[in-house]
Amino acid sequence: MRIIGGRYRGLRFTPPRDLPVRPTTDMAKEALFNILQNRLDFEGMEALDLFTGTGGISLELASRGAASIESVDRHHKCVQFLNESSKKLGITSIRTVKADVFTYLDRCTKQFDFIFADPPYDLDQLTQIPRLILDKNLLKPDGILVLEFPATRKLPDTPAPAEIRKYGNSSFAIYKF
């Protein structure tokens, strides 16, 4: 895995093999950030990375100048790996939260400029995530939510129209509420 752009561009990192993750591929991440760089100002943004896994998206956001990133995952080893990676790079903008994402969303009162959700592809509640974020008013005006999901899965009606982009086995639903 590598960081695509920003201060740490080109940096590669290897997560432990025993992490329960399916990282976003470099190709898909690069394509997504090419789209986002024309829609968002990363410098100084506040971001939320749900189901953070290896922390690749959080590290990418930090590399591009995000002021604060909350990275939520329920697995201790994922949180630990991201903490160690951030520390090695001297990144202070990432705050890891070890929690169930749905419990976190239920309690969250903060608003974000950008939210990225990459749940396990077999998660039953995958399609509920956009509604939860909208109902909790977690996006700032003009904020963007990106939901990663398997390219083989159809998203049912969601609370707002989404632009769908497919890259290999992954798709991204990009919401601007």
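Every value quoted in this text rests on a predicted model; they were computed, and no experiment measured them.
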If you count heavy atoms of other groups shown closer than 6.0 angstrom to [atom1] of [X], is the number above 12?
X: K77; atom1: NZ; answer: no
X: N169; atom1: CG; answer: no
X: R74; atom1: CZ; answer: no
X: K87; atom1: NZ; answer: no

Distance, nearest 0.5 Å, that separates [atom1] of [X] from [atom2] of [Y]:
X: L145; Y: L48; atom1: CG; atom2: CG; answer: 9.5 Å
X: L61; Y: D49; atom1: CG; atom2: CG; answer: 7.0 Å
X: I4; Y: N34; atom1: CD1; atom2: CG; answer: 9.0 Å
X: I115; Y: L138; atom1: CD1; atom2: CG; answer: 5.0 Å
X: I69; Y: I94; atom1: CD1; atom2: CD1; answer: 4.5 Å
X: M1; Y: L11; atom1: CE; atom2: CG; answer: 10.5 Å

Using 4.0 Å as the upper bound for N to carboxylate O, is an ion pair formed by [Y] and [X]?
X: K88; Y: E84; result: no
X: K29; Y: E148; result: no
X: D118; Y: R22; result: yes

Any chain of hydrophobic side-chain contacts (each under 4.5 Å) joining [X] to [Y]?
X: I133; Y: V101; value: yes
X: I144; Y: F42; value: yes
X: F116; Y: I3; value: yes

So, the side chain of [X] versus the backbone of [Y]: is there a donor-acceptor pair under 3.5 Å, distance only?
X: R153; Y: Y121; result: yes
X: K136; Y: T109; result: no
X: Y8; Y: L89; result: yes
X: D73; Y: G53; result: yes
X: D113; Y: E46; result: yes
X: S86; Y: L82; result: yes
X: S63; Y: R7; result: yes

Original post:
With under 30° as parallel and over 60° as perpendicular, where do the rings of F102 and F51 fit, or are they tilted in between?
Top reply: perpendicular
Taking all atoms of both residues into account, what is the closest heavy-atom pair of [X] and [Y], and its distance?
X: P119; Y: L126; value: CG-CD1, 3.6 Å
X: I164; Y: A173; value: CD1-CB, 3.6 Å
X: G168; Y: A151; value: O-CB, 3.7 Å
X: V97; Y: E70; value: CG2-OE1, 4.1 Å
X: S58; Y: S71; value: OG-OG, 2.6 Å
X: P15; Y: F81; value: CA-CZ, 3.5 Å

**OP:** Show your working on side-chain contact (heavy atoms from CB on, under 4.5 Å) between R39 and I174 and close with a plain yes or no.
**Re:** CA-CA 11 Å; R39 300 178 188 191; I174 304 169; 3.8 Å; yes
Quick check: do [X] and [Y] have side-chain heavy atoms less than 4.5 Å from each other?
X: L32; Y: Y167; result: no
X: T127; Y: F149; result: no
X: L19; Y: H75; result: no
X: P16; Y: Q80; result: no
X: V146; Y: I57; result: no

Subject >> Residues K140, M45; criterion side-chain contact (heavy atoms from CB on, under 4.5 Å); working and verdict >> reply: CA-CA 11 Å; K140 292 180 181 179; M45 78 163 27; over 6 Å; no
Original post:
Does the side-chain contact (heavy atoms from CB on, under 4.5 Å) test come out yes or no for Y175 and L139, once each step is laid out?
Top reply: CA-CA 10 Å; Y175 297 90; L139 278 174; 5.8 Å; no
**OP:** May I have the step-by-step check of side-chain contact (heavy atoms from CB on, under 4.5 Å) for T24 and F172, ending in yes or no?
**Re:** CA-CA 11 Å; T24 302; F172 297 110; 4.0 Å; yes
